[in-house]
Number of protein chains: 2
Amino acid sequence: MKEILESLKNKLSTHNFKLTSQREDILKILIKNKNRHFSAESLFAEVKKINPDVGLATIYRNLELFCKLGITHQLDFDSSHKYYELDLEGTHHHHLICVNCNRIIEFNDDALEEFEKELEKSYDFKIADHKIKFFGLCSECKGLKD
Amino acid sequence: MKEILESLKNKLSTHNFKLTSQREDILKILIKNKNRHFSAESLFAEVKKINPDVGLATIYRNLELFCKLGITHQLDFDSSHKYYELDLEGTHHHHLICVNCNRIIEFNDDALEEFEKELEKSYDFKIADHKIKFFGLCSECKGLKD
DNA sequence: ATCGATGCAAACCTTTTGCATGCAG
DNA sequence: CTGCATGCAAAAGGTTTGCATCGAT
């Protein structure tokens with residue numbers, strides 16, 4: 001935990017960005033909630049609990065900065081809000097989204113690689129990244145709908 | 001072409017929605033550009049060429065209606081605009097998006113079914129739908145980057 | 001004739017930006 | 001000290017809504 005924060009702070013100073021208390025507070029919240037998907041607004045609410053004086057614009061500006069530095073990345077579950085997620089190594093994953101309770105389950109994509117290779121051949125396309133979401137009913141909601 | 005329009009108009013009247021000239025104009029544009037992805041604004045521009053008096057609010061209201069009726073569906077390529085696409089049977093597909101020239105190539109997903117079945121087993125999740133996008137370089141841009 | 005559909009403009013919501021002040025380096 | 005970062009408020013951009021009018025049934 002501590003060492004994640006240190007390495008991210010390090011990434012900031014390496015790129016000559018200042019280590020402000022706001023940036024540290026935002027990083028702390030992101031790290032503490034590794035697998036949560038934050039909107040700017042919801043992150044703002046969390047950071048305010050630590051530092052009531054933070055401004056929403058600071059959240060937006062730093063989320064943009066963090067995405068550029070690869071500290072976070074942007075998700076697009078819906079097209080009226082932007083969502084962000086901490087981008088730790090070895091956590092590349094995708095989402096199963098329950099359409100009933102909105103729970104989001106993450107999964108890895110090892111099995112996808114083969115499919116990608118075939119796609120690249122068929123369409124003469126070099127794949128660099130992907131975004132994959134499955135929608136349906138999670139184990140609990142499946143039961144309820146029977 | 002003609003018969004697609006008729007069947008969609010039929011879907012409207014079946015559900016007791018009125019066949020206004022605006023709705024017909026919107027459908028005509030969508031059908032004529034089957035494989036284009038429209039923002040409300042770009043669809044508005046096209047419809048205006050046929051009917052200069054149409055209002056943007058009408059475009060929004062009807063795109064929402066058409067999505068409810070399954071005539072169109074919403075895409076989320078980026079989270080600051082909503083994009084829409086005609087939803088014809090047998091055209092379920094996904095997208096290869098070139099990060100260099102923004103070209104969008106569509107592909108079918110037959111090979112994906114097996115992967116889905118495994119996911120359902122592993123996570124005890126009933127998959128109903130999916131959204132899949134691959135990002136990379138298309139055949140032309142691949143060459144340029146060599 | 002009725003009530004849903006439309007056009008316009010205003011409202012809304014999320015995100016971005018300008019500017020004066022604050023603070024890390 | 002210097003210039004980047006911040007907070008605030010205003011602006012921007014996309015979408016939705018209220019209201020009077022229009023027009024399909």
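Numbers restart at 1 for each chain; the letters A, B, ... are given by sequence-line order, proteins then strands.
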Side-chain donor-acceptor contact under 3.5 Å, A/Glu106 with A/His94: no

Measure CZ/B/Phe44 against C1'/D/dG13 and give the value in whole Å, please. 15 Å

To check you understand the geometry: which heavy-atom pair defines the closest contact between B/Lys34 and B/Leu88, and what is its length? CD-CD1, 3.5 Å

Parallel, tilted or perpendicular: rings of A/Phe17 and A/His15 (30°, 60°): parallel

Between B/Phe44 and B/Val54, is a side chain to side chain contact (heavy atoms under 4.5 Å, CB included) present by the stated rule, with each step listed? CA-CA 8 Å; B/Phe44 181 48; B/Val54 73; 3.8 Å; yes

Nucleic acid contacts of residues 53-63 of chain A, taken as heavy-atom distances under 4.0 Å to DNA chain D: A/Asp53, A/Val54, A/Gly55, A/Ala57, A/Thr58, A/Arg61, A/Asn62

For B/Ser80 and for B/Ser21, locate the closest nucleotide of DNA chain D by heavy-atom distance; then report the residue assigned to the nucleotide nearer the 5' terminus. B/Ser80

When rounded to the nearest 0.5 angstrom, what is the spacing between CG in A/Leu86 and CD1 in A/Ile4? 7.0 Å

Between C1' on D/dA24 and CG on B/Leu19, what's the gap in Å once rounded to a whole number? 8 Å

Under 6.0 Å from the NZ atom of B/Lys133, do we count more than 12 heavy atoms belonging to anything else shown? yes

Give a yes or no on whether the ring-centroid distance for A/His130 and B/Phe134 is below 6.0 angstrom. yes

At a heavy-atom distance below 4.0 Å, which nucleotide of DNA chain C is the first touched by chain B, and which is the last? C/dC3 to C/dC8

Tell me: CD1 of A/Ile26 to C1' of D/dG7, nearest whole Å? 13 Å

Quickly work out the B/Lys68 NZ to D/dT16 P distance and round it to whole Å. 11 Å

Distance in angstrom units between A/His81 NE2 and D/dT15 C1', rounded: 12 Å

Report yes if a side-chain nitrogen or oxygen of B/Gln22 is closer than 4.0 Å to either non-bridging phosphate oxygen (OP1 or OP2) of D/dC22; otherwise report no. no

5' priority, DNA chain D, between A/Arg23 and B/Lys82 [closest heavy atom]: A/Arg23

Non-hydrogen atoms of A/Phe125 and B/Cys138 that approach each other most closely: CD1-CA, 3.5 Å

